[in-house]
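We use all heavy atoms of the structure for the numbers below, so side chains are in, but hydrogens, waters and symmetry mates are not. By convention in this document, chain letters (A, B, ...) are assigned in the order of the sequence lines, proteins followed by strands, and residues within each chain are numbered from 1. Keep in mind that what you see is a predicted model, and the values were worked out from it rather than measured.
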Protein chains: 2
Amino acid sequence: MSGMNAPLPLDAAPAFASGARIAEIAALLGDPARANMLLALMGGQALTPGELARHAGVSAPTTSGHLAKLAAAGVVAARAQGRHRYYRLASPEIAEVLHALMVAATAGPPRHRPPGPRDGALRLARSCYDHLAGRLAVALLGALEAQGHVRLSNEGEAAEPTPQGREFLAAFGLDLDGPGQGSGQGSRRPLCRTCLDWSERRPHLSGRLGAGLLERLLVLGWLTRVPGSRALTLTRAGEAGLIATFHLPRDWREGAGGPIRVAS
Amino acid sequence: MSGMNAPLPLDAAPAFASGARIAEIAALLGDPARANMLLALMGGQALTPGELARHAGVSAPTTSGHLAKLAAAGVVAARAQGRHRYYRLASPEIAEVLHALMVAATAGPPRHRPPGPRDGALRLARSCYDHLAGRLAVALLGALEAQGHVRLSNEGEAAEPTPQGREFLAAFGLDLDGPGQGSGQGSRRPLCRTCLDWSERRPHLSGRLGAGLLERLLVLGWLTRVPGSRALTLTRAGEAGLIATFHLPRDWREGAGGPIRVAS
DNA sequence: ATGAGGCTTCGGCCACGGCCGAAACATCCA
DNA sequence: TGGATGTTTCGGCCGTGGCCGAAGCCTCAT
């Protein structure tokens, strides 16, 4: 055995998940209003009850009640700030659950799935909890791999930065050894993972690396958030920067599914 | 870009998961009775309504109603066989959701988590949907790695069989190029993945390789199922075989958390 | 200080859905 | 052919929980 026997705190208590506790969480995600709120929170930004109420299409009192339940169960966490209360997903584990649900929801039977109006922009670039997703994310991972900064293995299931890649990313402003806000239990969040992009059906980067990359791109102003949506816009400076720095191919908008028309 | 641009059928329809559909699935998992049924099905065996009724602690009519709903939504699938109807989880995607829920349920706040009676046996070896989990699974992966049959990377996030390992596993009776029963949409299930063992907090093998391995171990009689439980028993022949063939360390029962006491 | 905006609490309405017992249906066995 | 076993359908009971409007708080702006 090699490094996999890292000093993980096993003693913590490996009790088994009870059906009751699972049902408790799932039931909270199982209400349309709450599901829409949580889906909005998957954008990664903390949102106020008012914004969440609009997302869910219910009144403020109803929203307040929902949020209280979600917070009590540890699904979301709140942070008071002046006159507002900002809610966010409580942990990466919860984001995992929502992600798995999204995959199952799309992979399922071919029911009627009305393509929403903003789909075009969402498919190009969006935030997924704390990292970048969409065609841009897929293309970016491709570019990183082509440059030898990241090595993919196992049919795209796994990714790992190369030594040269670490240097490159550090120069870009990423601290790969940072704390990485894992959820409790002392479990450190993995540095680099792939996450199946559920619109592109191809992997993109997640984990601490993916999160740091998105943060950096936002700070640089290369990407900007679209208010009230998970969609992200690639600025002109951003596109130029990504092409110059990451060698993003100029035709990245042309994926295997053809170019995406962004609704005007 | 490398092999990651495999011929995946993108045209299939990358519509976005709606809150409604997500809520529909989550609501189905959000009832204690149904959650317990699905947890039982996570054992990987197809079960009859009667068995599921006992697992859930509800009457037969109630169970029947639950199963009808789950089947209609594509969460479970049924197969009639004589006087019995065998139910199983409908897809790996659903198993993924349940797994994420189990992780979230254990990782959450330290609520009271009564350790069940069969915990000891479960922690040693159990089935997880279609592959092996528990301390034995973790030790087995460690042995495979030590023998150079599998290469782990990225903090245990990823695993991949080496050429030598493929040969070894083929000799053991595994067909690594088999179809692999992925769920619809032509998406082929990954060959080899790791899955965080949520009792050991360490990775073990899943994917087609993990599934094939468990199947083979059961066929050989090295592992046997404990009726009415997800627990698996390592037979004397099995332990000897694993030590001889896989070089499983003799003291595999002694994990980082100390030996496990199996309730008598 | 006074008002405005945002959020929460309270009270009450109503529907959805889980639960069971009884009975119908299906399948296998004798 | 009859009876035993497993499964589903039907009917009815009842609790849980989502929803809103009105009113109360709190925080900030004027």
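- Relative to the side chain of B:Pro49, the nucleotides D:dT7, D:dC19, C:dG18 differ in distance, and D:dT7 lies closest.
- Between B:Lys69 and the phosphate of C:dG18, there is a side-chain N or O to OP1/OP2 separation shorter than 4.0 Å.
- At least one side-chain nitrogen or oxygen of B:Ser59 sits closer than 4.0 Å to the OP1 or OP2 atom of C:dC20.
- Straight-line distance from the CG atom of A:Leu70 to the C1' atom of C:dT8: 16 Å, rounded to whole Å.
- In terms of phosphate contacts, A:Thr48 brings a side-chain nitrogen or oxygen within less than 4.0 Å of OP1 or OP2 of C:dC7.
- In this structure, of C:dC7, C:dA22, D:dG18, it is C:dA22 that holds the atom nearest to the side chain of B:Pro61.
- Residues A:Leu132 and A:Leu223 form a side-chain contact, since some pair of their non-hydrogen atoms from C-beta on lies under 4.5 Å apart.
- At the phosphate of D:dC20, OP1 or OP2 sits under 4.0 Å from a side-chain N or O atom of A:Thr62.
- Distance from the side chain of B:His66 is smallest to C:dG18 among C:dG18, D:dC19, C:dT9.
- For A:His84, counting side-chain heavy atoms from C-beta on, the closest listed nucleotide (D:dC20, C:dC7, D:dT9) is C:dC7.
- Taking atom CG of B:Leu29 as the reference point, atom P of C:dG18 lies 13 Å away to the nearest angstrom.
- Rounding to the nearest 0.5 Å places CZ of A:Arg54 at 6.5 Å from OG1 of A:Thr48.
- Taking all atoms of both residues into account, the shortest heavy-atom contact from B:Leu174 to B:Leu213 is CD2-N, 3.8 Å.
- Residue contacts for B:Thr63: at a heavy-atom cut-off of 4.0 Å it reaches no nucleic acid atom on any strand shown.
- When distances run from any side-chain atom of B:Asp31 to the nucleotides C:dC7, C:dG18, D:dC19, the shortest one goes to C:dG18.
- Counting heavy atoms from C-beta outward, B:Leu29 and B:Val75 have side chains that approach closer than 4.5 Å.
- Heavy-atom minimum distance, B:Met42 versus B:His99: CE-N, 4.2 Å.
- Atoms CE (B:Met37) and C1' (C:dG18) sit 11 Å apart, rounded to a whole Å.
- Going from atom CZ of A:Arg54 over to atom P of C:dG6 covers 8 Å, rounded to whole Å.
- The distance between atom CG of A:Leu47 and atom P of C:dG6, rounded to the nearest whole Å, is 15 Å.
- The nucleotide whose nearest atom lies closest to any side-chain atom of A:Ala60 is, among C:dG17, D:dC20, C:dT8, C:dT8.
- In this structure, B:Leu67 places its CG atom 17 Å from P of C:dG17, rounding to the nearest Å.
- The CG-P distance, from B:Leu28 to C:dG18, rounds to 9 Å in whole Å.
- Straight-line distance from the CZ atom of B:Arg85 to the P atom of D:dT7: 10 Å, rounded to whole Å.
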